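Because the structure is predicted, anything quoted here is derived from the model rather than measured.
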Amino acid sequence: MSAPVLLVVAHGSRDPRHAATVHALVRRVRALRPDVRVETGFLDFNVPSVQGVLESLETEGVRDVVALPLLLTRAFHAKADIPAVLAAAPPRLRIRQAEVLGPSPLLLSALERRLYEAGLTPADKSSTGVVLAAAGSSDPEAIAVIAEIAREWRHTGWCAVRPAFASASLPRTEDAVRQLRALGCARVAVAPYVLAPGFLPDRIARGAAGADVLADVLGPAPEVARVVLERYDAARRPVALAVGA
């Protein structure tokens with residue numbers, strides 16, 4: 001029996017860097033698991049659309065699909081948008097929606113990878129304050145998750161870790177940078193907890209102007225690819241039910 005197709009569901013963006021980064025991540029996922037067919041669909045702005053990919057798979061005779069939200073928190077897109085799109089899929093497809101990527105210890109490792117690539121070293125941890133800069137959400141559950149990740153990350157040896165948000169929630173990145181300066185951290189680093197470049201990551205970067213270090217987005221970090229596959233493997237274990245059945 002062939003493995004279910006993995007459909008990576010990305011948000012989409014007018015910024016071409018977004019789709020390029022998503023495709024780079026998907027290539028890494030394919031390289032890790034060449035036995036799994038991996039497709040990419042976008043909710044908005046980019047092609048192919050999720051609906052278009054699902055219709056093509058059904059036409060080919062594919063029956064089992066794991067749809068994986070390329071999201072870091074369970075907010076509106078994971079709770080409403082994606083289930084609505086999947087519910088409109090061709091009825092012969094058996095679709096399971098995987099969990100979002102975060103939280104995961106692997107994502108913390110990816111954040112640290114990006115900070116070290118930006119110039120920090122493990123020896124800098126105890127004297128460096130980190131801003132965990134997320135996109136932001138109006139969903140209280142998503143905001144609580146980011147705050148918990150910051151608390152957990154602080155216990156790994158950083159001087160301090162403060163959450164910040166580019167939209168919908170406070171504090172902003174620049175406010176968190178100032179808070180860490182006031183705490184007396186010798187240096188301040190901003191770690192964007194976002195997957196791909198775009199409007200909100202650019203806002204995070206502007207807010208990091210007063211920091212000493214700005215890390216890159218998570219993008220196609222190997223740890224992110226491993227989380228994708230972890231979520232895929234977990235989703236394919238239960239017995240599938242046809243969407244809309």
For Asp212 and Arg181, run salt bridge (Lys or Arg N to Asp or Glu O under 4.0 Å): C-alpha distance rounded to whole Å, both residues' side-chain angles, the deciding distance at 0.1 Å, then the answer.
CA-CA 11 Å; Asp212 302 294; Arg181 292 281 187 214; 3.1 Å; yes
Quick one: do Leu111 and Leu107 satisfy side chain to side chain contact (heavy atoms under 4.5 Å, CB included)? Show the steps, please.
CA-CA 6 Å; Leu111 287 166; Leu107 294 178; 5.6 Å; no
Walk me through whether Leu54 and Ile95 qualify under side chain to side chain contact (heavy atoms under 4.5 Å, CB included).
CA-CA 10 Å; Leu54 292 172; Ile95 304 175; 4.0 Å; yes
Gln179 vs Leu183, side chain to side chain contact (heavy atoms under 4.5 Å, CB included): CA-CA, chis, key distance, verdict
CA-CA 6 Å; Gln179 291 171 10; Leu183 278 177; 5.9 Å; no
For Glu148 and Arg151: C-alpha separation, side-chain torsions, deciding distance, then whether salt bridge (Lys or Arg N to Asp or Glu O under 4.0 Å) applies.
CA-CA 5 Å; Glu148 179 58 32; Arg151 285 191 291 270; 2.8 Å; yes
Please evaluate residues Leu101 and Leu70 with respect to the criterion side chain to side chain contact (heavy atoms under 4.5 Å, CB included), reporting the C-alpha separation (whole Å), side-chain torsions for both, the decisive distance (0.1 Å), and the verdict.
CA-CA 7 Å; Leu101 301 183; Leu70 202 61; 3.9 Å; yes
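Here the closest non-hydrogen pair linking Val50 and Gly41 is CG2-C, 3.7 Å. Considering every non-hydrogen atom in both Pro220 and Thr21, the closest pair reads CD-CG2, 4.1 Å. Closest heavy-atom contact between Gln51 and Pro90: NE2-CD, 4.3 Å. Heavy atoms only, all atoms of each residue included: Leu108 and Glu152 are closest at CD1-OE2, 3.6 Å. Closest non-hydrogen pair, Gly119 versus Asp124, comes out as O-OD2, 4.4 Å. Residues Arg114 and Leu218 share a closest heavy-atom pair of NH2-O, 2.7 Å.
Taking CZ of Arg74 as the reference point, atom OG of Ser137 lies at 11.5 Å (rounded to 0.5 Å). Atoms CG and CG, from Leu115 and Asp216 in turn, are 10.5 Å apart once rounded to the nearest 0.5 Å. Distance CG/Leu120 to CZ/Arg187: 6.5 Å, rounded to 0.5 Å. Atom OG in Ser109 sits 9.0 Å away from atom CZ in Arg113 (nearest 0.5 Å). Interatomic distance, SG of Cys159 versus CZ of Arg154, reported as 7.0 Å (0.5 Å rounding). Glu39 contributes atom CD, which lies 9.0 Å from atom CG of Leu6 (distance to the nearest 0.5 angstrom).
For Arg37, the CZ atom sits in a packed shell: over 12 heavy atoms of surrounding residues, nucleotides or ligands are nearer than 6.0 Å.
Side-chain contact between Pro192 and Leu214 is present, with at least one heavy-atom pair separated by less than 4.5 Å. By the 4.5 Å heavy-atom criterion applied to side chains, Arg203 and Thr173 are not counted as neighbours. Counting heavy atoms from C-beta outward, Asp202 and Arg17 have side chains that approach closer than 4.5 Å. For the pair Thr156 and Lys125, the minimum side-chain heavy-atom distance is below 4.5 Å. The side-chain heavy atoms of Thr73 and Val100, taken from C-beta on, include no pair separated by under 4.5 Å.
Linking ILVMFWY residues whenever their side-chain heavy atoms come closer than 4.5 Å, directly or via other members, places Ile82 and Val53 in the same cluster. Both Leu195 and Val29 are assigned to one and the same hydrophobic cluster, defined by single-linkage of ILVMFWY side chains at heavy-atom distances under 4.5 Å. Hydrophobic clustering (side-chain heavy atoms under 4.5 Å, transitive across Ile, Leu, Val, Met, Phe, Trp, Tyr) keeps Leu200 apart from Phe165. Residue Val26 is grouped with residue Leu106 when hydrophobic side chains (ILVMFWY) are merged at heavy-atom distances under 4.5 angstrom, including chains of intermediate members. Hydrophobic clustering, with ILVMFWY side chains joined whenever heavy atoms are under 4.5 angstrom apart, groups Ile204 together with Leu180.
Pairs passing the ring pair (Phe, Tyr, Trp, His ring centres under 6.0 Å) check and including a residue from residues 185-227, sequence neighbours excluded, do not occur. Listed by first and then second residue, the ring pair (Phe, Tyr, Trp, His ring centres under 6.0 Å) pairs that reach into residues 7-34 are His11-His77, His23-Phe42, sequence neighbours excluded.
Side chain of Ser167 to main chain of Ala135: a donor-acceptor pair is present (N/O by atom type, distance under 3.5 Å, no hydrogens or angles). Remark: side-chain polar atoms of Arg94 are not paired, donor with acceptor, to backbone N or O of Pro91 under 3.5 angstrom.
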